[in-house]
Amino acid sequence: MTVLKLYNTKTREKHAFKPINEGAVGMYVCGPTVYDYAHIGNARPVIIFDVLFRLLRQIYGTGKVNYVRNITDVDDKIIAAQQDSGEDINVITSRTIRAFQSDMKVLGNLEPSIEPQATDHIPQMIKMIEKLILTGNAYQEQGHVCFHVPSMANYGRLSRLNREELIVGARVEVAPYKRDPADFILWKPSSSDQPGWDSPWGRGRPGWHIECSAMSNEYLGITFDIHGGGQDLIFPHHENEIAQSCCANGEDTFAQIWMHNGYLMVDGEKMSKSLGNFITVRDLLDSYHGETIRLCMLMTHYRQPLNWTSNGLAQAKSSLDSFYGALRQVNDLPQFIDELSEEFMTALLDDINTPEAIKVLHELSKDLNKAETKKAKAQLKGKLLAAGKLLGILNCDPNNWFESENSNLKSGLSEDQINKLILARNNARDDKNFALSDKIRDELLQSGIVLEDSKSITRWKRL
RNA sequence: GGCGCGGUGGCGGAGUGGCUACGCAGAGGCCUGCAAAGCCUUGAACACCGGUUCGAUUCCGGUCCGCGCCUCCA
């Protein structure tokens, strides 16, 4: 029996996962605000929850997991981007959405089941805000609608912050339309040059948190299984989502399990758009294969902080080289069966312990190198590939992995030229003219081509 | 000030109350014409101080250090 254990931010403990509806899983992950290219900090939750998505599909069946990841396409940062560039908002958001989707695909992520956009769900948000006013949890003031935090007895359960502490810590002046310093906006007025929608409170736009409450409700129901995102969303975003959804629905529970990935750091500092120290996925892809970036991300457990370094990327590349190296030896062998190693599954079932899972990949790869019979080789190949598939890596043809042009280092040599030089060198070797054969090998090395002689053939790879 | 996370060998990074993480780098060896790749062997760690225990890197308490949240942020 496979038991998946997940760490729940709400309880700060690992628990055995049990779906609310037996045999089917609903998961909501906060997606990007689309005003700029994705940085690798944005990519971390996408990759982490993609692995969880794959794992859940493995356990419950491909069609049994409903994975919703929203796109925030109405936000003051987008308005700011519009004012900076003068471009139309729709131009900015649709271009950014396309870039995001393409970047995430190159990083080996599956598409979520649904990728709803906030602006397509304004009526649902308005409906929920009306409900909150009716239940006495929200009020209208100077064109704004605010959630009244004191109206909810157990506000702050997720972040374990209480209202008094929040007020003490508040570094921002309290807006005049707020009855309580902790209150937050559900709806705010838009000027004529800002995007807006008609509502019972005039033309305006939604506050930050309401879209996730409205869209999770729409696609997953009032209560669902897993809600994920980065640690920085715990407060205020997820706390406020809980407040909105629980009060509007009259339910005590919103998401059953809250999962949060740790920060991605650069030079020991949190990477974020506001600090300006971010590395975009685009830039990284100029120098590294998507799988390298992905494996680098998975080498650290998702709840730990991850310091992003070129050394880490080099290690990820080296690991992939060794996996593909093992696979290359058996490239012409059909895989025996897509069997998942038990040890590998055990690692992932324990709160998605990807470093432990990668260790198993190394063991499988080593076993594959040592395997002697065809049957053993085929079996290990199947296990390695199946494990890689669950992590979203090892999707390339091994020869292609080594031989395809790496934009990082242009060799200037075509495949044809390389093969001719290898042939010339092997002729020299047959003649025992090692001075010549070594000279050719050195020349190739100068162009970034490394040779590997085996008994039957000479393989090559680009550095 | 409040809340929270972390300090593991040269580096990255898991994990455990008593026994090998794993990878990279290093050393030695096998293989090779020589290499490369691969394989074998190998050295090296659990911030500090107390406590619990037969025994703690692992549990408890304290100290120091680093980081985050409390304000937009994955």
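Lettering of chains follows the sequences in order, A, B, ..., and the numbering in each one begins at 1. Because only heavy atoms are used, hydrogens play no part in the values below, and waters and symmetry mates are left out as well, while side chains stay in.
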Is there a Watson-Crick or G-U wobble partner for [N] with both distances under 3.5 Å, and if so, which one is it?
| N | result |
| --- | --- |
| B:U53 | none |
| B:G33 | none |
| B:G1 | B:C70 |
| B:G6 | B:C65 |
| B:A14 | none |

Please state whether the phosphate of [N], meaning OP1 or OP2, lies under 4.0 angstrom from any side-chain nitrogen or oxygen of [X].
| X | N | result |
| --- | --- | --- |
| A:Lys317 | B:C24 | no |
| A:Lys359 | B:U20 | no |
| A:Asn353 | B:G15 | yes |
| A:Lys455 | B:U32 | no |
| A:Ser319 | B:G23 | no |

What nucleic acid atoms does [X] come within less than 4.0 Å of, heavy atoms only: base, sugar-phosphate, or nothing?
| X | value |
| --- | --- |
| A:Ser322 | sugar-phosphate |
| A:Arg459 | nothing |
| A:Leu451 | base |
| A:Lys270 | base |
| A:Leu361 | nothing |
| A:Gly312 | nothing |
| A:Arg429 | base |
| A:Lys432 | nothing |
| A:Gln304 | sugar-phosphate |
| A:Asn311 | sugar-phosphate |
| A:His237 | nothing |

For [X] and [N], what is the distance between atoms [atom1] and [atom2] respectively, to the nearest whole Å?
| X | N | atom1 | atom2 | answer |
| --- | --- | --- | --- | --- |
| A:Asp350 | B:C22 | CG | P | 19 Å |
| A:Leu306 | B:G68 | CG | C1' | 15 Å |
| A:Phe402 | B:A36 | CZ | P | 16 Å |
| A:Leu313 | B:C11 | CG | P | 19 Å |
| A:Asn426 | B:C34 | CG | C1' | 14 Å |
| A:Asp430 | B:U32 | CG | P | 17 Å |
| A:Glu239 | B:C69 | CD | C1' | 12 Å |
| A:Asn307 | B:G7 | CG | C1' | 14 Å |

Given [options], which nucleotide is nearest the side-chain atoms of [X]?
| X | options | answer |
| --- | --- | --- |
| A:Thr300 | B:C69, B:C22, B:G13 | B:G13 |
| A:Gln315 | B:C3, B:C34, B:C11 | B:C11 |
| A:Asp438 | B:A21, B:C69, B:G33 | B:G33 |
| A:Asp453 | B:A35, B:C39, B:G68 | B:A35 |
| A:Lys366 | B:C67, B:A37, B:G23 | B:G23 |
| A:Pro236 | B:G2, B:G38, B:C72 | B:C72 |

Inset, instruction - Walk me through it: do A:Asp438 and A:Arg425 pass the test salt bridge (charged side-chain N to carboxylate O under 4.0 Å, His left out)? - result: CA-CA 8 Å; A:Asp438 287 356; A:Arg425 171 174 170 272; 5.3 Å; no
Legend entry - Heavy-atom donor-acceptor pair, A:Ser213 side chain to A:Glu241 backbone, under 3.5 Å: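 Yes, the answer is positive, given that a donor and an acceptor are paired below the 3.5 Å cut-off.
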Where does the angle between the aromatic ring planes of [X] and [Y] fall among parallel (under 30°), tilted (30 to 60°) and perpendicular (over 60°)?
| X | Y | answer |
| --- | --- | --- |
| A:Trp258 | A:Phe254 | tilted |
| A:Tyr324 | A:Phe402 | perpendicular |
| A:Phe184 | A:Phe147 | parallel |

Legend entry - Minimum heavy-atom distance between A:His260 and A:Gly230, given as atom pair plus value: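 Shortest heavy-atom contact: CD2-O, 3.3 Å.
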Inset, instruction - Return the minimal non-hydrogen interatomic distance between A:Glu239 and A:Arg157, and the atom names on each side. - result: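 Heavy atoms only, the tightest pair is OE2-N, 3.3 Å.
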Legend entry - hbond_proxy A:Arg303 side chain to B:C5 base (donor-acceptor, 3.5 Å cutoff):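 No such pair is found, so the answer is no.
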Inset, instruction - Run through A:Asn8, A:Asp351, A:Asp350 and flag the one making a side chain to side chain donor-acceptor pair (under 3.5 Å) with A:Lys14. - result: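 The side chain to side chain donor-acceptor pair (under 3.5 Å) with A:Lys14 is passed solely by A:Asp350 among A:Asn8, A:Asp351, A:Asp350.
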Legend entry - Interatomic distance at C1', B:G26 relative to B:G9, whole Å: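 Taking atom C1' in both B:G26 and B:G9, they lie 12 Å apart.
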Legend entry - Separation between the C1' atoms of B:C48 and B:G7, rounded to whole Å: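 Comparing C1' positions in B:C48 and B:G7 gives a spacing of 11 Å.
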Inset, instruction - Tell me which of A:Thr33 and A:Val360 sits closer to the 5' end of RNA chain B, going by the nucleotide each one is nearest to. - result: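 In this pair, the answer is A:Val360.
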Legend entry - Residue mapping more 5' on RNA chain B - nearest nucleotide basis, A:Arg425 or A:Val450: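 The residue mapped nearer the 5' terminus is A:Arg425.
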Inset, instruction - List the steps and the verdict of salt bridge (charged side-chain N to carboxylate O under 4.0 Å, His left out) for A:Glu115 and A:Arg69. - result: CA-CA 5 Å; A:Glu115 209 168 14; A:Arg69 188 180 65 212; 3.1 Å; yes
Legend entry - ring centroid sep under 5.5 Å plus plane angle under 30, A:Tyr263 with B:G68: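 A:Tyr263 vs B:G68: stacking no.
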